[in-house]
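None of the values given here were measured: they were computed from a predicted structure.
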Amino acid sequence: MSQYDLVVIGTGPGGYVCAIKAAQLGLKTAVVEKRATLGGTCLNIGCIPSKALLHASEMFEEAGHGFEKLGIKVSKPKLDLPAMMEHKTGVVDANVNGVSFLMKKNKIDVHTGTGKILEKGKVEVTDADGKATVLETKNIVIATGSDVMPLPGVEIDEKQVVSSTGALELDKVPGKLVVVGGGVIGLELGSVWNRLGSEVTVVEFMDKILGPMDGDVSKNFQRMLKKQGMEFKLSSKVTGVEKKGKGLAVTVEPAKGGDAQVIEADIVLVAIGRRPYTEGLGLDKAGVTLDERGRVKIDTHYKTNVDGIYAIGDVVAGPMLAHKAEDEGVALAEILAGQAGHVNYDVIPGVVYTQPEVASVGKTEEELKAAGVEYKTGKFAFSANGRARAMNKTDGFAKVLADAKTDRVLGVHIVGFGAGEMIHEAAVLMEFGGSSEDLARTCHAHPTMSEAVKEAALGAFAKSIHS
């Protein structure tokens with residue numbers, strides 16, 4: 001028996017960050033992880049390896065098509081896919097080893113095995129040999145994350161029909177890749193293989209890509225991806241995938257019904273979303289309530305209906321984002337230590353790590369219209385930005401949405417090179433209730449891509465200078 005103040009089940013970004021913060025605040029803490037390595041989906045088979053391949057494929061594309069415009073003459077680049085995958089693996093190893101180091105540094109006990117809640121205050125850990133150990137604790141945090149959403153009638157074998165996990169492990173570039181789902185994961189991985197030589201077709205059930213993102217952003221971004229060679233079938237659904245010789249036959253129908261068509265593919269990537277992972281946790285027996293979508297129900301302090309049991313991250317309501325889980329982990333640790341932990345869910349940025357990147361924070365125009373909020377818009381194209389021109393990165397724009405009466409910034413949306421880095425000045429501004437005038441009057445270094453954000457704010461407040 002071991003006695004803890006806190007046992008965290010799952011060591012993804014939410015779980016390991018929660019554990020570290022709790023330990024820093026003086027709580028005796030342990031984590032339970034079923035994988036051999038820490039870091040959860042994000043570090044092992046998600047955010048981190050995908051970013052390694054995104055960057056590597058972008059460099060391949062730049063060498064093949066971008067250098068000549070800058071006066072750099074090189075021979076046509078050759079793809080060494082095993083070496084690229086080795087880079088990805090090295091990045092993953094460095095990150096998961098870093099988390100292990102942080103566990104030791106903060107004196108957090110790591111229990112490797114499958115965690116199960118026996119009752120309030122007791123977590124059973126079963127290792128690979130079937131040996132069970134019971135941990136006693138004052139508090140339990142469920143941070144088990146999410147799993148791939150299956151497509152009805154389509155079996156994922158991770159060889160020809162793959163999830164995001166299999167798409168990160170392909171041993172050769174598919175001639176034809178069909179991506180089922182036009183969300184973040186599908187577009188990111190689709191763009192990787194598109195740059196490396198695949199013919200990519202994205203099938204999306206909705207009439208736009210990137211679902212809840214701003215419609216203006218979605219429309220223009222799709223146009224950019226199409227220019228890069230990706231094809232799209234919107235308002236469509238995949239109803240079947242069958243083996244045909246060495247390849248696959250993908251049946252696609254209109255979302256509202258109609259005549260089907262068959263698309264040939266070498267690989268099909270199923271990326272229609274993720275679902276909370278609660279399997280085998282013993283939540284029924286422990287009496288923990290789930291909502292209608294299988295997520296753990298919590299109150300505003302992350303507590304379930306059972307005293308001493310809490311939940312954070314993908315397994316609860318809200319956007320399935322690593323940084324959202326991290327902030328919840330910190331807030332919960334602070335609450336358990338007697339402090340006032342808090343997350344502002346109105347200021348959670350989201351990024352699509354394609355090229356160009358897409359980033360947003362706050363409300364979209366569609367959300368403001370639906371809520372009946374009067375707003376004003378400022379928009380500035382990167383084609384009018386000096387730094388963007390210098391780097392041949394002129395695709396996209398920055399858009400600022402502000403309250404028509406108070407001028408408070410309600411949402412910022414950016415499509416462009418480095419958008420994922422630029423979005424954070426908007427997040428800081430909004431965290432402090434800033435206005436478009438505040439942002440427009442803040443001096444920005446010249447020449448920088450960020451000046452486009454300033455110009456968009458100026459457009460919302462008064463009038464842009466350079467357009």
Legend entry - Pairs satisfying side chain to side chain donor-acceptor pair (under 3.5 Å), at least one member in residues 371-399, at least two apart: Glu62-Lys393, Asp214-Lys399, Asp216-Lys379, Asp216-Lys399, Glu365-Tyr375, Glu365-Lys399, Lys376-Asp407
Legend entry - Nearest-0.5 Å distance, CH2 of residue Trp193 to CG of residue Leu177: 9.0 Å
Inset, instruction - Would you check if there is a donor-acceptor pair between the side chains of Asp438 and Ser435 at a distance under 3.5 Å? - result: yes
Inset, instruction - Return the minimal non-hydrogen interatomic distance between Thr29 and Leu27, and the atom names on each side. - result: OG1-O, 2.9 Å
Inset, instruction - Return each pair, listed once, that meets side chain to side chain donor-acceptor pair (under 3.5 Å) where at least one residue sits in residues 199-208; pairs must be two or more places apart or across chains. - result: none
Legend entry - Side chain proximity check, Ile298 to Tyr310, heavy atoms < 4.5 angstrom: no
Inset, instruction - Specify the closest pair of heavy atoms between Leu210 and Gly183, including all atoms of both residues, with the distance to one decimal. - result: CD2-C, 4.1 Å
Inset, instruction - Answer yes or no: is there a donor N or O on one side and an acceptor on the other, between the side chain of Ser198 and the main chain of Asn194, under 3.5 Å? - result: no
Inset, instruction - Can you see which heavy atom on Ala167 is nearest to which on Leu269, and at what distance? - result: CB-CD1, 3.9 Å
Legend entry - Qualifying salt bridge (charged side-chain N to carboxylate O under 4.0 Å, His left out) pairs with a residue from residues 333-357, counting only residues at least two apart or across chains: none
Inset, instruction - Report yes if the side chains of Thr304 and Val296 come closer than 4.5 Å at any heavy-atom pair, otherwise no. - result: yes
Legend entry - Backbone of Gly215 reached by a side-chain donor or acceptor of His413 within 3.5 Å: no
Inset, instruction - Using a 4.5 Å cut-off on heavy atoms from C-beta on, say whether the side chain of Arg293 contacts that of Pro276. - result: no
Inset, instruction - Kindly compute the distance separating CZ (Arg274) from CG (Asp314), expressed to the nearest 0.5 Å. - result: 7.0 Å
Inset, instruction - Inspect the surroundings of NE2 in His323 and state if more than 12 heavy atoms from other residues, nucleotides or ligands are less than 6.0 Å away. - result: yes
Inset, instruction - Apply side-chain contact (heavy atoms from CB on, under 4.5 Å) to the pair Ile209 and Phe221, showing each step before the final yes or no. - result: CA-CA 9 Å; Ile209 61 172; Phe221 181 55; 3.8 Å; yes
Inset, instruction - Give a yes or no on this: more than 12 heavy atoms of other residues, nucleotides or ligands lie within 6.0 Å of atom CD of Glu86. - result: no
Legend entry - Thr37 side-chain N/O to Val96 backbone N/O, donor-acceptor pair under 3.5 Å: no
Legend entry - Heavy-atom side-chain contact between Met430 and Val361 under 4.5 Å: yes
Inset, instruction - Start with the C-alpha gap between Val92 and Leu43, add the side-chain angles, then the distance that decides, and say whether side-chain contact (heavy atoms from CB on, under 4.5 Å) holds. - result: CA-CA 6 Å; Val92 170; Leu43 272 65; 5.8 Å; no
Legend entry - Qualifying residues under salt bridge (charged side-chain N to carboxylate O under 4.0 Å, His left out), relative to Glu231, sequence neighbours excluded: Lys226
Legend entry - Side-chain donor or acceptor of Thr144 paired with backbone N/O of Tyr277 under 3.5 Å: yes
Identify each donor-acceptor pair in which a side-chain atom of residues 75-85 lies under 3.5 Å from a protein atom, sequence neighbours left out, and give them as a table.
residue: Asp80; atom: OD1; partner: Ala83; partner atom: N; Å: 3.2

Inset, instruction - Give, for atom CD1 of Ile48 and atom CG of Asp93, the distance between the pair rounded to the nearest 0.5 Å. - result: 12.5 Å
Inset, instruction - Evaluate the side-chain proximity of Arg295 to Thr278: yes if any heavy-atom separation is below 4.5 Å, no if none is. - result: no
Inset, instruction - Quick one: list whatever passes salt bridge (charged side-chain N to carboxylate O under 4.0 Å, His left out) with Asp403, sequence neighbours left out. - result: none
Inset, instruction - Determine whether more than 12 heavy atoms belonging to other residues, nucleotides or ligands lie under 6.0 Å from atom CD of Gln339. - result: yes
Inset, instruction - Step through the shown structure and confirm whether more than 12 heavy atoms of other residues, nucleotides or ligands are within 6.0 Å of CZ on Phe232. - result: yes
Legend entry - Side chain to side chain, Arg35 and Asn44, heavy atoms closer than 4.5 Å: yes
For residues 421-429, which side-chain N or O atoms pair as donor and acceptor with protein atoms under 3.5 Å away, sequence neighbours left out?
residue: His424; atom: ND1; partner: Gly420; partner atom: O; Å: 3.3
residue: His424; atom: ND1; partner: Glu421; partner atom: O; Å: 3.4
residue: Glu425; atom: OE1; partner: His444; partner atom: NE2; Å: 2.9
residue: Glu425; atom: OE2; partner: His444; partner atom: NE2; Å: 3.2

Legend entry - Residue pairs passing the side chain to side chain donor-acceptor pair (under 3.5 Å) test where at least one lies in residues 455-467, sequence neighbours excluded: Glu455-His466
Inset, instruction - Quick one: which residue pairs count as a disulfide (SG to SG under 2.5 Å) with a foot in residues 42-92, not counting sequence neighbours? - result: Cys42-Cys47
Legend entry - salt bridge (charged side-chain N to carboxylate O under 4.0 Å, His left out) involving Lys256 - partner list, sequence neighbours excluded: none
Ignoring hydrogens and angles, write down the donor-acceptor pairs under 3.5 Å from the side chains of residues 184-192, residues two or more places apart or on other chains.
residue: Glu188; atom: OE1; partner: Lys51; partner atom: NZ; Å: 3.2
residue: Glu188; atom: OE2; partner: Tyr353; partner atom: N; Å: 2.8
residue: Ser191; atom: OG; partner: Leu187; partner atom: O; Å: 3.3
residue: Ser191; atom: OG; partner: Glu188; partner atom: O; Å: 2.7
residue: Ser191; atom: OG; partner: Arg195; partner atom: NH2; Å: 3.3

Legend entry - Close side-chain approach of Ile414 to Phe382, heavy-atom, < 4.5 Å: yes
Legend entry - OH on Tyr16 to CG on Leu38, rounded to 0.5 Å: 10.0 Å
Inset, instruction - Kindly say whether Gln355 contributes a backbone atom to a donor-acceptor pair with the side chain of Gln228 at under 3.5 angstrom? - result: yes
Inset, instruction - To the nearest 0.5 Å, tell me how far Thr364 OG1 sits from Leu401 CG. - result: 8.0 Å
Inset, instruction - Could I get the full list of salt bridge (charged side-chain N to carboxylate O under 4.0 Å, His left out) partners for Lys324, not counting sequence neighbours? - result: Glu328
Inset, instruction - Starting from the C-alpha separation in whole Å, work towards a yes-or-no answer on salt bridge (Lys or Arg N to Asp or Glu O under 4.0 Å) for Glu292 and Lys297. - result: CA-CA 10 Å; Glu292 71 285 350; Lys297 288 185 75 171; over 6 Å; no
Legend entry - Interatomic distance, Ile108 atom CD1 to Thr11 atom OG1 [nearest 0.5 angstrom]: 10.5 Å
Inset, instruction - Run the numbers on Glu326 and Lys21 for side-chain contact (heavy atoms from CB on, under 4.5 Å), then give the verdict. - result: CA-CA 10 Å; Glu326 287 185 11; Lys21 187 63 178 179; over 6 Å; no
Legend entry - Ile312 and Val141, any side-chain heavy atoms less than 4.5 Å apart: yes
Inset, instruction - Apply side-chain contact (heavy atoms from CB on, under 4.5 Å) to the pair Met213 and Val358, showing each step before the final yes or no. - result: CA-CA 10 Å; Met213 279 203 173; Val358 181; 3.7 Å; yes
Inset, instruction - Indicate the atoms forming the closest heavy-atom contact of Ser236 with Val252, along with that distance. - result: CB-CG1, 3.8 Å
Inset, instruction - Give the minimum heavy-atom separation between Ile335 and His301, together with the two atoms involved. - result: CD1-CD2, 3.6 Å
Inset, instruction - For residues Pro174 and Ile267, report the shortest heavy-atom separation together with the two atoms involved. - result: CB-CG1, 3.6 Å
